[in-house]
Protein chains: 2
Amino acid sequence: MARDRDFTTVGRALAAPARSVFVNLLMDGTTRPAGELAHAAGVSPSTASEHLGVLVDAGLVRCEPRGRHRYYALAGPDVATALEALGGLTGDAPVTSLRRSREAERLAGARFCYDHLAGRLGVALTDAWVERGWLADSDTLALTAVGSDGLRGIGVDVDAAVGGRRATTRACTDWTERRPHLAGALGAAVGARFLRAGWVVRAPAGRGVRVTPTGLDMLRTAWGIDSDIALPTAG
Amino acid sequence: MARDRDFTTVGRALAAPARSVFVNLLMDGTTRPAGELAHAAGVSPSTASEHLGVLVDAGLVRCEPRGRHRYYALAGPDVATALEALGGLTGDAPVTSLRRSREAERLAGARFCYDHLAGRLGVALTDAWVERGWLADSDTLALTAVGSDGLRGIGVDVDAAVGGRRATTRACTDWTERRPHLAGALGAAVGARFLRAGWVVRAPAGRGVRVTPTGLDMLRTAWGIDSDIALPTAG
DNA sequence: AGCACGCTTCGGCGAGCGCCGCAACGTCCC
DNA sequence: GGGACGTTGCGGCGCTCGCCGAAGCGTGCT
């Protein structure tokens with residue numbers, strides 16, 4: 001059946017400012033308890049609970065109870081993909097405070113975009129791998145044989161990323177850099193490897209990541225990526 | 001600057017049922033006058049005018065006055081792409097009448113998805129070209145050298161589709177068939193060629209297309225695509 | 001067991017939105 | 001120029017939605 005699509009539920013789910021903030025926070029792939037989301041959006045816990053219910057009903061967010069907390073996360077990679085595409089059409093959300101401005105600066109350096117690395121770090125990695133012939137210079141950043149070996153060499157679980165239902169490689173246009181970087185199943189595998197190896201660590205709160213000294217050294221020696229690319233800009 | 005995205009305006013724009021209908025109607029790439037859209041959605045002209053204003057303000061739709069009519073269309077390919085991605089998350093819109101059900105049947109056969117062919121016809125063409133090695137069996141359906149010659153041979157303006165700002169090839173997951181078909185700049189060029197050659201004609205109203213006898217013959221002899229693939233199912 | 005904590009549900013308030021009819025404006029046609 | 005037509009702008013009505021505070025429920029800690 002080729003019916004029309006009903007955009008009203010998804011649209012309505014995204015229409016409220018608080019829910020837009022929630023979705024933004026969850027786009028780094030993290031799972032967060034309801035209270036943290038409420039605090040971040042500046043609404044009461046009860047209001048946040050209602051909003052989260054709307055997002056769950058719309059199929060954008062899923063909920064998993066853990067002890068007395070209830071953790072929320074995006075429902076899946078397809079949701080993240082759709083939101084990315086939608087984000088390319090929208091304007092920037094207003095910066096509400098100096099703290100958020102600082103936070104924005106840090107995010108520009110390195111962050112997670114659902115489950116893959118983004119920001120200057122994500123773009124720099126992708127550029128380096130394209131230059132080395134690990135990824136094809138195409139719309140999909142297809143993985144080459146050389147790249148398969150190379151990524152395996154740094155401990156990326158390439159086999160798990162290939163052949164699944166999810167697209168192996170996908171180019172995600174960075175909101176900051178307006179340039180493509182590696183996403184898809186392989187992007188997720190790379191992100192997982194960087195976390196597991198301790199090359200980056202997630203910021204305690206927020207969606208940013210910090211590149212560790214080990215990670216900086218690794219980036220420089222392996223691909224000549226300069227340190228200030230992966231770090232927040234000075235000031 | 002890596003700021004958060006404000007999904008509220010786009011979300012709100014899609015939240016109203018009438019606006020969802022408008023967007024669905026425009027997703028075939030046609031430009032339609034305000035009155036036709038109003039009639040299709042079952043709202044008064046004044047209401048439709050307000051809704052269209054909201055869609056224009058949100059950047060989803062653009063308006064071009066022609067005489068005493070004002071024609072509306074999607075703002076661009078990126079909007080169509082985002083809506084496709086979003087459509088993959090949403091459910092079907094309820095079928096409101098038998099006439100709409102018949103219409104849905106016809107759309108399943110062949111239709112335009114913004115500017116490229118979709119439905120069983122779009123999927124069959126893509127399958128045939130992948131099988132012949134004209135398109136790579138990848139996530140992007142990348143154009144091969146053989147395919148470039150082949151498409152040029154049937155009059156597709158390949159050169160115009162390559163090297164532009166827009167992605168040359170892109171896989172668009174069909175809502176009907178749940179299978180990928182050719183989209184992007186090349187998909188648009190193919191669609192334009194099919195129209196220009198008279199292999200398909202747009203239905204007088206609605207988003208469907210009808211395959212002409214010439215087109216049927218061409219599809220069968222060139223790629224062995226059976227006629228009932230491109231036609232509405234019987235009944 | 002008792003308490004503290006996180007989260008959800010419920011009632012109620014105010015604001016915003018979708019809908020229409022009517023009037024006004026510009027364009028096309030006779 | 002006069003009339004018909006397509007479209008937009010403006011009040012007004014009703015409904016929904018976002019927001020909160022208070023109460024209820026389940027979990028974890030002591």
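Reminder, nothing fancy here: chain letters follow the sequence lines and each chain counts from 1. Every value quoted in this text rests on a predicted model; they were computed, and no experiment measured them.
For the pair A:Arg202 and A:Phe112, the cation-pi test (distance below 6.0 Å, angle within 45°) is passed. In this structure, A:Arg32 fails the cation-pi test against A:Tyr72, since its NZ or CZ atom is not both closer than 6.0 Å to the six-membered ring centre and inside 45 degrees of the ring normal.
Residue A:Leu55 is tested with A:Leu37, A:Leu26, A:Leu60 for a side chain to side chain contact (heavy atoms under 4.5 Å, CB included); the sole match is A:Leu60.
Between B:Tyr72 and D:dG6, a side-chain N or O to OP1/OP2 separation shorter than 4.0 Å is absent. Regarding contacts with the backbone of D:dT7, every side-chain N or O of B:Tyr71 stays at 4.0 angstrom or more from both OP1 and OP2.
Here the shortest heavy-atom pairing between A:Ala73 and A:Thr31 reads CB-CG2, 3.4 Å. In this structure, A:Ala41 and A:Phe22 approach most closely via the heavy-atom pair CB-CE2, 3.4 Å. The nearest pair of heavy atoms linking B:Leu14 to A:Gly11 is CB-CA, 4.1 Å. Closest heavy-atom contact between B:Pro45 and B:Ala38: CA-CB, 4.1 Å. For the residue pair B:Phe194 and B:Leu125, the shortest heavy atom distance occurs at CZ-CD1, 3.8 Å. Across every non-hydrogen atom of A:Ala58 and A:Thr9, the tightest pair is CB-O, 4.1 Å.
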- Item | Working for salt bridge (Lys or Arg N to Asp or Glu O under 4.0 Å), residues A:Glu84 and A:Arg170 | CA-CA 12 Å; A:Glu84 282 162 21; A:Arg170 203 171 56 76; 3.3 Å; yes
- Task: Any chance you could lay out the salt bridge (Lys or Arg N to Asp or Glu O under 4.0 Å) test for A:Arg166 and A:Asp115, step after step, and finish with the verdict?
- Result: CA-CA 13 Å; A:Arg166 190 175 172 193; A:Asp115 55 10; 2.9 Å; yes
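When the local axes at the two ends of the helix from C:dA1-D:dT30 to C:dC30-D:dG1 are compared, using 5 base pairs at each end, they differ in direction by 30° after rounding to 10°.
Across the protein-nucleic acid pair, B:Leu14 atom CG and C:dG18 atom P stand 12 Å apart, rounded to whole Å. Per the geometry, CZ belonging to A:Arg32 stands 18 Å off C1' belonging to C:dC7, to the nearest Å. At whole-Å resolution of the value, CZ in B:Arg66 and P in D:dT7 are 12 Å apart.
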List every contact pair, protein side and nucleotides 16-22 of chain D side both N or O, where the distance is under 3.5 Å.
from: D:dG18; atom 1: OP1; to: A:Arg19; atom 2: NH1; distance (Å): 3.2
from: D:dG18; atom 1: OP1; to: A:Arg19; atom 2: NH2; distance (Å): 2.3
from: D:dC19; atom 1: OP2; to: A:His51; atom 2: NE2; distance (Å): 2.2
from: D:dC20; atom 1: OP2; to: A:Ser44; atom 2: N; distance (Å): 3.0
from: D:dC20; atom 1: OP2; to: A:Ser44; atom 2: OG; distance (Å): 3.3
from: D:dC20; atom 1: OP2; to: A:Thr47; atom 2: OG1; distance (Å): 2.8
from: D:dC20; atom 1: N4; to: A:Glu50; atom 2: OE2; distance (Å): 3.4
from: D:dG21; atom 1: O6; to: A:Ser46; atom 2: OG; distance (Å): 3.1

- List the protein contact pattern of nucleotides 1-6 of chain C with one symbol per nucleotide (5' to 3'): B for base contact, S for sugar-phosphate-only contact, - for none; contact means a heavy-atom distance under 4.0 Å. ---BBS
